[in-house]
Amino acid sequence: MSDTEKNAAATTQEDVVESPDVHFEPIVKLQDVKVKTHEEDEDAIFKMRAKLFRFDTEGNEWKERGTGDVKLLKHKETGKVRLLMRRDKTLKVCANHYITDDMVLSPNVGSDRSWVWNVAADLVDDEAERQLLAIRFGNSENANKFKEAFDEARKNNKDLAAGVKPEKKEEKEEDKSEDKKEEPEASKDAEDSKEEKKD
């Protein structure tokens, strides 16, 4: 290609102006599909980004299961709490089990930001499997927050299994605030009676 041909091709490309108002009608119209995650009847009481591992007994090594948000979900009607974790982007489930009384978080050897626990029935890929799981967080502060929330959920589920209705934090806070409101009113009444005696 000669120089004159190259220059001519360049000038013709510059002369063509693209129209910003181009609109194409779709060939096929798709219907909106509602996707059910089975999280609609639950409230997230804890959510944090983490990496999950499972112990492979055949290879005698830890294998990564996924990275994403780990959630503790409390059912609105039954009050039971379960752990659910989905992988980033694909949203595939990598952990799904109720937190039972026999699940105890123990620190992972050599790390202050990860925890290990046994699961009797982890429902991943619609199969219940016994697993040894480990979870690692970005820092030790987040790991400790997870442990607190996990232990609280464990206690909640234990109380539900025993038939004891667990107390809600909100009710406790409301009771405390009502007590505080009553105290100032009582002290105002005492002050008013003192002023009446002085008069």
Side-chain angles (χ1 to χ4, degrees), residues 35-173 176:
V35 178
K36 192 168 185 180
T37 62
H38 299 288
E39 296 177 37
E40 293 83 10
D41 297 333
E42 297 170 314
D43 294 324
I45 56 175
F46 179 84
K47 180 180 175 184
M48 193 168 290
R49 185 169 172 77
K51 186 177 279 192
L52 188 73
F53 300 88
R54 71 173 176 84
F55 190 74
D56 183 21
T57 54
E58 293 175 7
N60 202 24
E61 63 182 349
W62 288 100
K63 292 193 174 181
E64 184 177 337
R65 221 186 218 184
T67 302
D69 289 333
V70 61
K71 299 179 194 174
L72 296 180
L73 301 171
K74 186 172 187 174
H75 197 275
K76 292 177 183 175
E77 293 176 14
T78 63
K80 283 189 171 185
V81 180
R82 71 177 172 129
L83 183 140
L84 177 72
M85 185 170 176
R86 295 182 185 270
R87 293 184 183 115
D88 287 339
K89 298 177 185 172
T90 63
L91 300 178
K92 186 176 179 185
V93 175
C94 56
N96 180 21
H97 58 269
Y98 281 105
I99 299 173
T100 59
D101 187 40
D102 59 343
M103 292 181 194
V104 178
L105 290 180
S106 56
N108 198 356
V109 178
S111 178
D112 64 341
R113 57 190 183 118
S114 63
W115 301 102
V116 178
W117 73 98
N118 278 307
V119 179
D122 189 31
L123 297 167
V124 177
D125 299 326
D126 298 327
E127 295 178 15
E129 295 181 51
R130 179 181 269 302
Q131 295 286 339
L132 177 63
L133 299 176
I135 193 165
R136 187 175 68 209
F137 294 91
N139 56 40
S140 60
E141 182 181 325
N142 290 346
N144 290 332
K145 287 179 184 177
F146 173 74
K147 180 168 176 46
E148 289 172 12
F150 191 94
D151 289 342
E152 183 69 30
R154 204 173 121 224
K155 182 183 179 304
N156 177 65
N157 286 351
K158 180 182 177 183
D159 290 347
L160 284 171
V164 177
K165 186 176 179 182
E167 292 184 31
K168 294 180 182 177
K169 289 182 181 179
E170 297 168 1
E171 291 176 359
K172 289 180 183 178
E173 291 173 5
K176 289 179 183 178

Handout entry: Side-chain touch Asn157/Arg82, heavy atoms, less than 4.5 angstrom
Key = no

Exercise for the section: Please tell me if the side chains of Arg86 and Thr37 come closer than 4.5 Å, counting only heavy atoms from C-beta onward. Expected result: yes

Exercise for the section: Could you please spell out the steps behind the side chain to side chain contact (heavy atoms under 4.5 Å, CB included) verdict for Val116 and Trp62? Expected result: CA-CA 11 Å; Val116 178; Trp62 288 100; 4.1 Å; yes

Exercise for the section: State plainly whether the residues Asp151 and Lys155 are in salt-bridge range, i.e. N to O under 4.0 Å. Expected result: no

Exercise for the section: Taking the side chain as every heavy atom from C-beta outward, state whether Phe46 and Val70 have any pair of such atoms under 4.5 Å apart. Expected result: yes

Practice task
Flag the pair Glu152 / Val81 as yes when at least one side-chain heavy-atom distance between them is below 4.5 Å, and no otherwise.
Solution key: no

Exercise for the section: In sequence, state the C-alpha distance, the side-chain angles, and the governing distance for Asn142 and Arg113, and then conclude on side chain to side chain contact (heavy atoms under 4.5 Å, CB included). Expected result: CA-CA 8 Å; Asn142 290 346; Arg113 57 190 183 118; over 6 Å; no

Problem - Student check: side-chain heavy atoms of Ser114 and Phe137 closer than 4.5 Å - result: no

Practice task
Could you check if a side-chain atom of Arg65 sits within less than 4.5 angstrom of a side-chain atom of Leu133, using non-hydrogen atoms only?
Solution key: yes

Completion exercise
Between the OG1 atom in Thr100 and the NZ atom in Lys158, the distance rounded to the nearest 0.5 Å is 11.5 Å

Problem - Minimum side-chain heavy-atom gap Tyr98-Leu73 below 4.5 Å - result: no

Practice task
Start with the C-alpha distance between Lys51 and Thr67, add both sets of side-chain angles, then the distance that settles side chain to side chain contact (heavy atoms under 4.5 Å, CB included), and finish with yes or no.
Solution key: CA-CA 4 Å; Lys51 186 177 279 192; Thr67 302; 3.3 Å; yes

Practice task
Any chance you could measure Asn118, atom CG, to Leu105, atom CG, to the nearest 0.5 Å?
Solution key: 11.0 Å

Fill in the blank from the handout: Note: Leu132 and Trp117 closest approach over all heavy atoms is CD1-O, 3.5 Å

Practice task
List the steps and the verdict of side chain to side chain contact (heavy atoms under 4.5 Å, CB included) for Val124 and Lys92.
Solution key: CA-CA 9 Å; Val124 177; Lys92 186 176 179 185; 5.8 Å; no

Practice task
Evaluate whether atom NZ of Lys47 has more than 12 neighbouring non-hydrogen atoms of other residues, nucleotides or ligands under 6.0 angstrom away.
Solution key: no

Exercise for the section: State, yes or no, whether a side-chain contact exists between Lys145 and Glu141 at a heavy-atom distance under 4.5 Å. Expected result: yes

Completion exercise
In Gln131, Arg130, Arg54, His97, the residue satisfying side chain to side chain donor-acceptor pair (under 3.5 Å) with Asp122 is His97

Handout entry: Other residues, nucleotides, ligands: >12 heavy atoms within 6.0 Å of Lys76 NZ
Key = yes

